[in-house]
**Student:** 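Starting off with a structure, shown below.
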Amino acid sequence: MKNNFFEDVYEVVCLIPKGRVTSYGAIAKYLGSKMSARMVGWAMNAAHTRPEVPAHRVVNRSGLLTGKHHFGTPTAMQEALQAEGVQVVDDRVVNFKELFWDPQQELG
DNA sequence: ACACTGACCACTG
DNA sequence: CCAGTGGCCAGTG
C-alpha cells in the first residue's frame, strides 16, 4: 500500500480516548496541509478495512453522526458510542463540546 | 485529460 | 438559522 495517508488518519483515530470524539477537520489540521477534511472523510471510507479503527468516534464539526450510514446497521455508530458512555440523541453527540478531543491540542 | 463525486469546513450575507 | 460559495485532494468512468 502506498497510501500512508490512511495510516496517518487511522493512527490519530486510534488515539482518541474511549468516551471521547473528534471531527474530520480536527484530524486534517493535525496531519497538516497535506490533508483536508474531505480527505479524512474519504480515508474513513477505507477504514472499513481496519476494524481496529474506532470510526464511530469521528463525527462532523457539529457532532453529527454523518458516517452512520457507512456502518453495518443504521444504529451501529450510535450504539457503539453509547456503549462507551457517549450519549447520542437524534444522530447528534450530546455535550459534544465537552467530549470533543482535539489531536492538535491533546497530542501537541 | 475532463467531469463528477465525496463519512467536510470556513466564510459571507 | 439558512443558503450559497470556494477550497481541499484523490478516486473513478
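Not measured: the values here are computed from a predicted model. Residue numbers start from 1 in every chain, and the chains themselves are labelled A, B, ... in the order their sequence lines are given, proteins ahead of strands.
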**Student:** Can you tell me which nucleotide in B:dC9, B:dG6, B:dA7 comes closest to the side chain of A:Asn60?
**Tutor:**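 For the A:Asn60 side chain, the nearest candidate turns out to be B:dC9.
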**Student:** Could you identify the nucleotide paired to C:dG13, looking across every strand shown and requiring Watson-Crick or G-U wobble geometry with both distances under 3.5 Å?
**Tutor:** B:dC2
**Student:** Taking A:Trp101's backbone N and O only, do any of them form a donor-acceptor pair with A:Thr22's side chain (distance below 3.5 Å, no angle check)?
**Tutor:**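 Yes, the answer is positive, given that a donor and an acceptor are paired below the 3.5 Å cut-off.
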**Student:** Checking contacts here: which listed nucleotide (B:dA7, B:dC9, C:dA10) is nearest the side-chain heavy atoms of A:Ala37?
**Tutor:** B:dC9
**Student:** Starting at OH of A:Tyr30 and ending at P of B:dC8, how long is that distance when rounded to a whole Å?
**Tutor:** 23 Å
**Student:** Which is true for A:Ala55 with a 4.0 Å heavy-atom rule: it touches a base, it touches only sugar-phosphate, or it touches nothing?
**Tutor:** base
**Student:** Just compare C:dC8, B:dA7, B:dC9 and give me whichever is closest to any side-chain atom of A:Ser23.
**Tutor:**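 In terms of side-chain proximity for A:Ser23, the closest of C:dC8, B:dA7, B:dC9 is B:dC9.
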**Student:** Using atom P in both nucleotides, what's the gap between B:dA7 and C:dG13 to the nearest angstrom?
**Tutor:**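 Approximately 16 Å lies between the P atom of B:dA7 and that of C:dG13.
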**Student:** When A:His56 is tested against each of A:Gln78, A:Gln82, A:Glu84, A:Glu79 for side chain to side chain donor-acceptor pair (under 3.5 Å), which residue passes?
**Tutor:** A:Glu84
**Student:** CG of A:Leu64 versus C1' of C:dC2: gap in Å, rounded?
**Tutor:** 16 Å
**Student:** Which nucleotide in the set B:dA7, C:dC9, B:dC9 lies at the smallest distance from any side-chain heavy atom of A:His48?
**Tutor:** B:dA7
**Student:** With the side chain of A:Trp42 defined as its heavy atoms from C-beta on, choose the nearest nucleotide among B:dA10, C:dG11, B:dC8.
**Tutor:**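 The nucleotide sitting nearest to the side chain is C:dG11.
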**Student:** Could you state the CZ-P distance from A:Arg38 to B:dA7, rounded to the nearest angstrom?
**Tutor:**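 Checked: the CZ to P distance equals 9 Å.
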**Student:** Calculate the interatomic distance between A:His69 atom NE2 and B:dG6 atom P; express it in whole Å.
**Tutor:** 13 Å
**Student:** Rounded to whole Å, how long is the line connecting atom CZ of A:Phe100 with atom C1' of B:dC8?
**Tutor:**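 Rounded to the whole Å, the gap is 13 Å.
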**Student:** For the pair made of CG in A:Asn45 and P in C:dG11, what is the distance, rounded to whole Å?
**Tutor:**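 The answer, rounded to whole Å, is 13 Å.
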**Student:** Could you state the OH-P distance from A:Tyr24 to B:dC8, rounded to the nearest angstrom?
**Tutor:** 6 Å
**Student:** Over 60° means perpendicular and under 30° means parallel, so tell me whether A:His70 and A:His48 are parallel, tilted or perpendicular.
**Tutor:**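 Correct class here is tilted.
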**Student:** Out of B:dA10, B:dC8, C:dC8, which has the shortest distance to the side chain of A:Ser36?
**Tutor:** C:dC8
**Student:** Both A:Met39 and A:Val59 contact DNA chain B. Taking the nearest nucleotide for each, which residue is further toward the 5' end?
**Tutor:** A:Met39
**Student:** For A:Lys29 and C:dC9, give me the distance from atom NZ to atom P, rounded to whole Å.
**Tutor:** 14 Å
**Student:** Does A:Arg92 use its side chain to pair, donor to acceptor, with the backbone of A:Gly63 at less than 3.5 Å?
**Tutor:** no
**Student:** Mind checking whether A:Ile16 and A:Val59 sit in one hydrophobic cluster, side chains of I, L, V, M, F, W, Y counted as touching below 4.5 Å?
**Tutor:**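 Different hydrophobic clusters.
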**Student:** Reckon A:Thr66 has a side-chain N or O less than 4.0 Å from the OP1 or OP2 of B:dC8?
**Tutor:**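 The answer is yes; a side-chain N or O of A:Thr66 sits under 4.0 Å from OP1 or OP2.
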